[in-house]
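Quick caveat: nothing in here was measured; it's all calculated off a predicted structure. All values below come from the heavy atoms of this structure, side chains included, with hydrogens, waters and symmetry mates left out. In what follows, every chain begins at residue 1, and chains take the letters A, B, ... in the order their sequences are listed.
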Amino acid sequence: MELNAKYNPSEVEDKWYSYWLEHRCFHSEPDERGAYTIVIPPPNVTGILHMGHVLNNTIQDVLIRHARMKGLNACWVPGTDHASIATEAKVVARLASKGIRKRDLTREQFLQYAWEWKEEHGGIILEQLKKLGSSCDWDRTAFTMDEKRSESVTKVFVDLYNKGLIYRGLRMVNWDPKAQTVLSTEEVVYRDEKSKLYHLRYYVADSDVNPVKPTGEEGEVLHTDEQGRYYAVVATTRPETIMGDTAMCINPKDPKNRWLSGHKVTVPLVGRVIPVIEDRYVDIEFGTGCLKVTPAHDVNDYALGKTHNLETIDIFNPDGTLSEAAGLYVGMDRMDVRKQIAADLESASLLEKVEDYDNKVGYSERNQDTAVEPRLCRQWFLKMQHFADIALPPVLEGKIKFHPSKYVTTYRNWLENIQDWCISRQLWWGHRIPAWFLPVAEGEEERFVVALNAEEALAKARQIKGYENIGAEELVRDEDALDTWFSSWLWPVSLFDGINNPGNKEISYYYPTNDLVTGPDIIFFWVARMIMAGEEYMGDVPFRNVYFTGIVRDKLGRKMSKQLGNSPDPLGLIAKYGADAVRMGMLLCSSAGNDVLYDDSQVEQGRNFCGKIWNSWRLVSGWSVDENARPGETAVQAVKWFDNLLSKTIQTVEEHYSKFRISDALMAVYKLFWDDYCSWYLEMVKPAYGQPIDGETYNATVNFFEKLLKLIHPVMPFITEEIWQNIRHREEGASIMFELSPAAGEWDDIYLKSFDLAREVVIGVRGIRAQKQISPKESLSLFLDGELDAQLYPVISKLANISKVERGTASGASASFIVDTLKCSVPLEGFIDTSEEKAKLQAELEYQRKFLASVRAKLGNANFTAHAPAAVVDLERKKEADALARIEAVESALKAL
RNA sequence: GGGAGCUUAGCUCAGCUGGUUUAGAGCAUCUGCCUUACAAGCAGAGGGUCAGGGGUCCGAAUCCCUUAGCUCCCACCA
């Protein structure tokens with residue numbers, strides 16, 4: 001069959017992916033084989049493929065395909081995540097562009113829009129994964145909000161509530177004013193920011209009834225204005241919150257501010273008189289040592305407020321504008337108020353100074369342009385101590401292995417300082433919390449029931465004293481949804497319906513899954529919580545290994561981002577270079593846990609490798625075969641050698657896989673194919689131009705090729721399938737992916753070593769040709785003095801174009817070189833510049849003498865010979881002997897000149 | 001403030017339990033080649049005081065201490 005001169009990836013890739021789908025090659029059902037399972041980290045349903053996905057999914061596909069070729073029942077389960085905050089934000093934005101406001105819609109109307117959005121965008125990323133060659137079992141495609149997954153979430157919520165692990169609490173939580181929902185502590189990311197520290201005057205308010213009495217002690221700092229009125233100076237980064245101030249706090253041990261003790265001060269502009277309280281919490285060294293206390297809008301201030309019984313004034317609306325309670329700037333955005341109030345304080349002479357200040361500001365992880373606002377809210381929480389207790393041992397004991405292992409420490413630190421998880425979100429897109437509130441009298445504590453559905457809720461409510469006759473319409477279901485991660489943490493269980501249907505055939509077969517491939521950024525959000533849910537609901541770990549990928553950066557080391565425009569479009573790359581090339585390019589520089597500095601040149605390398613594979617097959621497939629011919633001596637050695645080397649390399653590759661060193665495995669195969677098979681083996685067996693090859697060698701060559709394709713297949717599924725199908729006729733539905741990966745046989749290290757020696761000789765002769773500008777077409781003769789398996793002479797002859805290999809040393813003008821202890825010389829009448837050759841040999845002699853000296857120094861050290869193991873000493877002795885032999889060889893070569 | 005990690009060739013990284021010559025790979029570079037599979041290729045070559053300093057040891061890129069620089073994570077200092 002005639003092959004195209006150039007490999008055309010897009011045509012080949014589309015063809016085989018359709019074929020694989022058509023024959024349901026990726027589908028898995030429980031059977032008698034061992035299971036190998038990966039659950040995909042579900043990408044956001046509205047997301048599109050970026051380079052991080054490419055890396056992550058390439059690794060998963062390599063692991064899956066590798067396992068499949070080990071004869072395991074490989075099952076890679078795909079799916080998407082509803083990503084409540086991100087998706088709801090997108091839906092809200094789209095509605096806004098149509099002039100529709102969320103608050104004008106009912107929940108049902110909004111959800112209808114959201115589902116429409118999901119239907120439109122939900123499949124995109126999965127289709128993109130197909131372009132990459134991902135061998136997911138698409139029949140199993142799941143969605144965190146599909147029926148089974150939703151039912152699982154509700155069941156788990158009810159169960160955990162019944163176990164007393166879920167509670168409602170009034171807490172200071174992180175509020176996202178843009179999404180208008182609370183966030184968990186993990187969802188807040190802190191960023192360094194250049195901000196200002198405003199120094200504000202808080203005048204002493206009660207000096208007429210309680211005159212200021214300076215203590216006169218050392219370090220006291222008094223502030224008075226032109227009229228002699230006393231004031232305190234408060235340093236704050238958030239002047240817009242002064243309307244919520246209900247106290248000023250000093251440290252009782254602070255000599256600077258002791259004089260303020262027992263006084264009252266006036267909040268600037270606001271005019272409210274607040275007490276000066278004392279608490280050791282205040283850092284004497286920071287700012288002026290005076291802290292404004294705003295219990296409604298700061299976590300620490302809230303704690304102070306509790307201790308000191310302070311009033312709490314919430315001055316913000318949910319959208320971050322100032323509320324009626326603020327009294328001033330009502331309706332303005334908090335950020336605008338900050339600027340305005342600074343100006344107003346300035347003109348009222350209440351602003352002492354403004355300093356530059358670096359601080360950290362919390363932002364929503366999903367919405368990084370709006371600062372998070374601490375806010376006092378009643379929310380649903382999950383008690384985490386229990387989960388930390390069950391999730392820590394499997395990782396510490398190695399039942400789950402992290403790659404790289406450094407993340408075990410990160411994991412442990414988090415679990416050992418675990419905080420309760422705020423699981424409710426003020427969103428509609430998500431799993432609605434299965435709690436129904438009962439009517440209560442004004443001012444009474446809230447009452448609710450938690451149930452699987454409304455009927456059950458009603459039944460439960462009617463069991464409560466005083467509610468025996470309650471009507472269904474009087475129960476009000478909680479409006480809030482659950483945190484997205486409250487569904488993802490069940491993923492490895494819920495995908496096999498293990499929550500709804502415990503002990504079913506699938507969950508028993510596929511769980512625990514084998515490997516998880518994900519980024520370290522979601523170790524808390526997801527990895528840790530899956531371990532918790534797995535232990536809680538299955539009594540076993542959800543996976544055995546976690547492979548943490550790094551972040552894909554550009555070659556300057558910058559994170560890829562839309563703003564920088566440094567992120568290539570993966571589909572564009574696939575179209576340009578082919579999916580195989582992109583996969584290989586991503587893997588080349590990615591060891592577990594290390595960031596990947598992406599550069600197109602890596603993908604080019606992948607593309608070039610495809611070209612190499614393609615062209616080598618063009619060569620082999622183009623040979624005519626003479627079944628009656630006998631293999632030549634070179635071919636016999638070539639086959640023997642490559643057979644040995646293949647076994648050895650397979651062993652190495654498998655070791656790399658077992659340690660998740662995928663880029664090393666790839667590199668080993670890459671070199672085996674390109675350097676050993678193409679550059680050496682094929683050159684050795686290649687028949688003379690126009691001549692046929694003997695049948696035996698041809699078959700061996702094709703068998704090697706086939707084995708190599710199988711080794712490459714996990715990384716480059718398309719081109720390997722294309723050629724494998726091309727090698728001979730395959731049955732419809734057959735695929736290289738179902739072939740068993742070649743197993744390592746025995747190999748003879750001594751033979752491999754002597755072959756390497758022969759290779760070195762060839763390289764030496766080629767080096768002489770390069771130096772002397774002797775064409776490869778011009779044949780030379782070669783003298784060898786030393787140990788070398790004579791069977792390998794023909795190999796040298798063929799590859800170095802040597803007409804005759806003889807024992808001994810060339811007489812007359814010649815160029816020589818030493819390989820190990822083998823002295824090689826090439827007679828070069830007419831080519832040789834004797835003085836140049838002498839200088840070269842002198843340099844070699846010098847080098848060898850220095851080396852000998854260093855070895856002898858070691859051997860002369862009595863401490864060394866006495867303490868070092870015998871094997872090490874023997875090795876040094878051998879080095880000494882070898883060096884002596886080489887020196888002798890160089891000397892005799894010099895003499896010969 | 002606490003913790004983890006990194007620093008090896010121009011770039012990206014291996015180097016595992018300290019010992020296989022005087023430290024490897026890929027890419028890039030340089031020199032020759034349009035050799036009839038492949039110039040996206042072939043052949044050959046150059047390139048490193050293993051961040052600096054100290055220590056342990058017969059022996060250190062590897063173990064320990066220390067200095068410097070970088071990265072990441074955690075933590076409520078206004």
Euclidean distance, A:Leu682 CG relative to A:Thr701 OG1, rounded to 0.5 Å: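 That separation rounds to 7.0 Å.
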
Considering every strand shown, what is the Watson-Crick or G-U wobble mate of [N] when both distances are under 3.5 Å?
{"N": "B:U17", "value": "none"}
{"N": "B:G69", "value": "B:C6"}
{"N": "B:C42", "value": "B:G32"}

Aromatic centroids of A:Tyr407 and A:Phe402 separated by under 6.0 Å: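 Centroid distance A:Phe402-A:Tyr407: not below 6.0 Å, so no.
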
A:Glu355 atom CD, neighbour heavy-atom count above 12 within 6.0 Å: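 Correct, the count exceeds 12.
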
Check: A:Ile719 and A:Val12 side chains under 4.5 Å, non-hydrogen atoms: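 Not touching, per the 4.5 Å side-chain cut-off.
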
B/S/- contact track for nucleotides 71-78 of chain B, protein heavy atom under 4.0 Å: --SSBBBB

So what does [X] touch, heavy atoms closer than 4.0 Å: a base, only the sugar-phosphate, or nothing?
{"X": "A:Lys686", "answer": "base"}
{"X": "A:Lys612", "answer": "base"}
{"X": "A:Lys858", "answer": "nothing"}
{"X": "A:Gln605", "answer": "sugar-phosphate"}
{"X": "A:Pro520", "answer": "nothing"}
{"X": "A:Asp820", "answer": "base"}
{"X": "A:Ser679", "answer": "sugar-phosphate"}
{"X": "A:Glu683", "answer": "base"}

Nearest to the [X] side chain among [options], which nucleotide is it?
{"X": "A:Ile763", "options": "B:A37, B:G44, B:C16", "result": "B:G44"}
{"X": "A:Lys6", "options": "B:G26, B:A40, B:U35", "result": "B:A40"}
{"X": "A:Ala770", "options": "B:G44, B:G3, B:U12", "result": "B:G44"}
{"X": "A:Asn608", "options": "B:A40, B:C58, B:C27", "result": "B:A40"}
{"X": "A:Met667", "options": "B:G26, B:C58, B:G19", "result": "B:G26"}

Within the pair [X] and [N], is there a side-chain N or O less than 4.0 Å away from OP1 or OP2?
{"X": "A:Arg877", "N": "B:U21", "result": "no"}
{"X": "A:Arg607", "N": "B:A40", "result": "no"}
{"X": "A:Trp674", "N": "B:C42", "result": "yes"}

Spacing of A:Tyr670 atom OH relative to B:A40 atom C1', expressed in whole Å: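 Rounded to the whole Å, the gap is 11 Å.
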
Salt bridge present between A:Lys858 and A:Glu880 (N-O < 4.0 angstrom):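 The answer is no: the pair does not qualify as a salt bridge.
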
Ionic contact status for A:Arg849 with A:Glu846, cut-off 4.0 Å: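 The answer is no: the pair does not qualify as a salt bridge.
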
Distance-only polar pair, side chains of A:Glu778 and A:Ser775, donor-acceptor under 3.5 Å: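 No, no side-chain donor-acceptor pair sits under 3.5 Å.
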
